[in-house]
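Position 1 is the first residue of the sequence; numbering continues from there.
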Amino acid sequence: MRKLTHDEISLKRSKPEEISSVNKLPVYVILNSIRSNYNVGSIFRTSDAAMIEKLYLCGYTPHPPKKEILKTALGATESVKWEYVKDALSIIKELKNKGIKVCALELTENSRAYYELNKNDFPLALVVGNEISGVSQEILDHCDMAIEIPQYGIKQSLNVAVAYGIAVYELRKIFDMNF
């Protein structure tokens with residue numbers, strides 16, 4: 001086994017000038033009141049890797065050009081379509097009016113396992129909440145469903161950027177297997 005060089009890896013990747021014509025994962029991500037610049041940067045980078053449709057930064061979520069975001073994102077702020085909108089509910093309502101289902105990444109009484117979604121759940125808006133308090137009840141009241149990542153240890157949750165990475169890659173897998 002031989003490790004690929006950066007040039008070899010680059011041959012399989014989309015080019016910046018092609019990004020607008022690439023077939024994207026029909027997932028819109030709403031980050032609501034994420035505190036950490038580093039988590040936001042990491043989410044940008046993962047969003048690029050999964051090739052999501054759009055990232056909405058809401059509430060007090062920091063947004064580019066903060067140096068910590070740019071450092072962690074490694075250029076993904078240029079390849080991921082994003083927008084800052086203070087009020088997450090306005091984006092949720094706008095997306096729902098377009099027929100997009102809204103799904104919270106949160107532990108609720110009706111949460112489904114993150115791997116139980118199917119092709120009928122796309123297009124999808126994934127709401128990711130604050131590192132400590134999660135997705136607010138006000139936002140949950142406007143969601144069509146919630147997914148959770150099962151926890152087998154003592155802790156009740158994962159780091160928000162890690163949880164997002166697990167969830168968005170499962171969405172990518174489900175989409176790729178069905179379309």
Engineer: Phe122, Ile100: one ILVMFWY side-chain cluster at the under-4.5 Å cut-off?
Structural biologist: no
Engineer: Would you say Asn159 and Tyr38 are linked by a side-chain donor-acceptor pair, where the criterion is simply a distance under 3.5 Å?
Structural biologist: no
Engineer: Is the closest side-chain heavy-atom distance between Val85 and Ser90 below 4.5 Å?
Structural biologist: yes
Engineer: Consider only side-chain N and O atoms of Asn130 and Ser33, and report whether a donor and an acceptor are under 3.5 Å apart.
Structural biologist: no
Engineer: Do any N or O atoms from the side chain of Glu170 and from the backbone of Ala167 form a donor-acceptor pair under 3.5 angstrom?
Structural biologist: no
Engineer: So does Arg112 pair up with Glu148, basic N to acidic O under 4.0 Å?
Structural biologist: no
Engineer: Do Val29 and Leu95 belong together in a cluster built from hydrophobic side chains that touch within less than 4.5 Å?
Structural biologist: no
Engineer: Please list, chain by chain and in numerical order, all residues satisfying side chain to side chain donor-acceptor pair (under 3.5 Å) with Asp141, sequence neighbours excluded.
Structural biologist: Gln137
Engineer: Which heavy atom of Cys103 sits nearest to which heavy atom of Leu124, and what is that distance?
Structural biologist: CB-CD1, 3.6 Å
Engineer: Please confirm whether the backbone N or O of Ala76 pairs with a side-chain atom of Arg45, one donor and one acceptor, at under 3.5 Å?
Structural biologist: no
Engineer: Do Glu131 and Asn39 have side chains that get closer than 4.5 Å, going by heavy atoms?
Structural biologist: yes
Engineer: Any idea which heavy atoms bring Asn32 and Ala88 closest together, and the distance?
Structural biologist: OD1-CB, 3.5 Å
Engineer: Would you say Asn120 has more than 12 foreign heavy atoms packed within less than 6.0 Å of its CG?
Structural biologist: yes
Engineer: Can you check whether Glu106's main-chain N or O pairs, donor with acceptor, with Ser111's side chain at less than 3.5 Å?
Structural biologist: yes
Engineer: Which class fits the ring pair Tyr84 and His63: parallel under 30°, tilted 30 to 60°, perpendicular over 60°?
Structural biologist: tilted
Engineer: Could you tell me if the side chain of Leu126 sits less than 4.5 Å from the side chain of Ile147, heavy atoms only?
Structural biologist: yes
Engineer: Just checking Lys66: does its NZ atom have more than 12 heavy atoms from other residues, nucleotides or ligands closer to it than 6.0 angstrom?
Structural biologist: no
Engineer: The test is side chain to side chain contact (heavy atoms under 4.5 Å, CB included); show your working for Ile30 and Val128 and say whether it passes.
Structural biologist: CA-CA 6 Å; Ile30 301 165; Val128 180; over 6 Å; no
Engineer: Does any non-hydrogen side-chain atom of Ser136 lie less than 4.5 Å from one of Leu140?
Structural biologist: no
Engineer: Tell me whether Glu78 at atom CD has more than 12 heavy atoms from other residues, nucleotides or ligands lying less than 6.0 Å away.
Structural biologist: no
Engineer: Which value, rounded to the nearest 0.5 Å, describes the distance between Arg13 atom CZ and His6 atom NE2?
Structural biologist: 11.5 Å
Engineer: How long is the straight-line distance from OG of Ser42 back to NZ of Lys71, given to the nearest 0.5 Å?
Structural biologist: 13.5 Å
Engineer: Going only through I, L, V, M, F, W and Y residues with side-chain contacts under 4.5 Å, is there a path from Ile91 to Val40?
Structural biologist: no
Engineer: Using modelled atom types only, decide if a donor and an acceptor are shared between the side chain of Lys119 and the backbone of Met177 within a distance under 3.5 Å.
Structural biologist: no
Engineer: To the closest 0.5 Å, what do you measure between CD (Gln151) and CG (Leu107)?
Structural biologist: 7.0 Å
Engineer: Side chain to side chain contact (heavy atoms under 4.5 Å, CB included) between Arg35 and Ile132: does it pass, once the steps are laid out?
Structural biologist: CA-CA 9 Å; Arg35 294 176 302 133; Ile132 304 297; 4.1 Å; yes
Engineer: Would a single hydrophobic cluster contain both Phe179 and Leu117, if residues Ile, Leu, Val, Met, Phe, Trp and Tyr are joined by side-chain heavy-atom contacts under 4.5 Å?
Structural biologist: yes
Engineer: With the side chain counted from C-beta on, respond yes when Ile149 and Leu158 share a heavy-atom pair under 4.5 Å apart, and no when they do not.
Structural biologist: yes
Engineer: With a 4.5 Å cut-off on side-chain heavy atoms, are Thr46 and Tyr169 touching?
Structural biologist: yes
Engineer: For Glu53 and Val27, run side chain to side chain contact (heavy atoms under 4.5 Å, CB included): C-alpha distance rounded to whole Å, both residues' side-chain angles, the deciding distance at 0.1 Å, then the answer.
Structural biologist: CA-CA 6 Å; Glu53 190 64 43; Val27 170; 5.9 Å; no
Engineer: Counting only N and O atoms by type, is there a donor-acceptor contact under 3.5 Å from the side chain of Thr61 to the main-chain atoms of Cys58?
Structural biologist: yes
Engineer: For Val160 versus Gly129, what's the shortest heavy-atom pair and its separation?
Structural biologist: CG2-O, 3.6 Å
Engineer: Is any side-chain heavy atom of Val102 less than 4.5 Å from a side-chain heavy atom of Ile139?
Structural biologist: no
Engineer: Run the side chain to side chain contact (heavy atoms under 4.5 Å, CB included) check on Ile52 and Lys24 step by step: do they pass?
Structural biologist: CA-CA 6 Å; Ile52 66 158; Lys24 294 188 174 88; over 6 Å; no
Engineer: Within the 4.5 Å heavy-atom criterion, are Asn118 and Asn178 side-chain neighbours or not?
Structural biologist: no
Engineer: Rounded to the nearest 0.5 Å, how far apart are CD1 of Ile174 and CG of Asp121?
Structural biologist: 8.0 Å
Engineer: Between Leu57 and Pro62, which heavy-atom pair has the shortest distance, and what is it?
Structural biologist: CD1-O, 4.0 Å
Engineer: Would you compute the distance between atom OG of Ser79 and atom CG of Asp48 and round it to the nearest 0.5 angstrom?
Structural biologist: 3.5 Å
Engineer: Verify the cluster assignment for Met145 and Tyr164: are they in a single hydrophobic cluster under the rule of side-chain heavy atoms below 4.5 Å apart?
Structural biologist: yes
Engineer: In Å, rounded to the nearest 0.5 Å, how long is the span from CG of Asp176 to CG of Leu25?
Structural biologist: 7.5 Å
Engineer: Atom NZ of residue position Lys15 - does it have more than 12 heavy atoms of other residues, nucleotides or ligands inside 6.0 Å?
Structural biologist: yes
Engineer: Nearest heavy-atom pair of Pro64 and Ile69: which atoms, and what distance?
Structural biologist: N-CD1, 3.9 Å
